[in-house]
Amino acid sequence: MNDPSPFGSAFALHAAGKLAEAEAAYRAVLAAAPQHVEALHCLGVLLHQCGKTAEGMPLILRALDLDAGSASRCNDLGNVLVQVGDLANAATAFRLALQLD
């Protein structure tokens with residue numbers, strides 16, 4: 001991804017494994033645009049990756065509330081739910097992702 005926007009820069013840091021820097025960059029995007037769906041989602045996923053699922057899950061869910069039509073976000077939610085052992089809700093998220101795709 002070669003996106004020079006603040007979100008693109010945050011995403012590039014995340015993809016490069018620079019999680020602390022990416023977290024700060026996502027938070028800066030959200031400070032300027034609190035409803036930035038992709039930043040909400042990606043920050044939620046990043047926080048989960050850092051062991052802060054309780055902080056990240058509401059961000060993932062908020063992104064889905066703002067844009068419920070994303071198969072990839074539903075799939076990511078399912079993956080997080082599997083990792084925390086919530087298999088019933090993970091199955092629901094995966095089914096929704098399949099319906100949307």
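Rounded to the nearest 0.5 Å, atoms SG (Cys42) and CG (Leu59) are 11.0 Å apart. Between atom NE2 of residue His48 and atom CD of residue Gln83 there is a gap of 3.5 Å, rounded to the nearest 0.5 Å. Between the CG atom of Asp67 and the CD atom of Glu38 there is a distance of 8.0 Å, given to the nearest 0.5 Å. Distance check, rounded to the nearest 0.5 Å: OG1 of Thr53 to CG of Asp86 gives 12.0 Å. Rounded to the nearest 0.5 Å, atoms OG (Ser72) and CG (Leu77) are 11.5 Å apart. Separating the SG atom in Cys74 from the CG atom in Asn79 is a distance of 11.5 Å, to the nearest 0.5 Å.
Here the closest heavy-atom approach between residue Leu100 and residue Gly69 is recorded as CD1-C, 3.9 Å. Contact between Phe7 and Ala39 at its shortest, heavy atoms only, is CE1-N, 3.7 Å. What you find for Arg73 and Leu64 is that their closest heavy atoms are CB-CD2, 3.8 Å. Considering every non-hydrogen atom in both Ala93 and Leu81, the closest pair reads CB-CD1, 4.5 Å. Summarising the geometry of Leu13 relative to Ala25, their closest heavy-atom pair is CD1-CB, 4.1 Å, with the distance given to 0.1 Å. The two atoms that bring Val80 and Ile60 nearest to each other are CG2-CD1, 4.1 Å, heavy atoms only.
Hydrophobic clustering places Leu46 together with Leu30 (ILVMFWY residues linked when any side-chain heavy atoms are closer than 4.5 Å, directly or through intermediates). Placement of Val45 and Leu61 within a single hydrophobic cluster is found when ILVMFWY residues are connected by side-chain heavy-atom separations under 4.5 Å, directly or transitively.
In this structure, Lys18 does not pair ionically with Glu23, as no charged nitrogen and carboxylate oxygen lie closer than 4.0 Å.
Using bins of under 30°, 30° to 60° and over 60° for the plane-to-plane angle, the ring pair Tyr26/His14 lands in the perpendicular bin.
Applying the side-chain contact (heavy atoms from CB on, under 4.5 Å) criterion to Gln35, with sequence neighbours excluded, gives Arg62, Leu66. The side-chain hydrogen bond (donor to acceptor under 3.5 Å, both in side chains) check on Asp65 picks up nothing, with sequence neighbours excluded.
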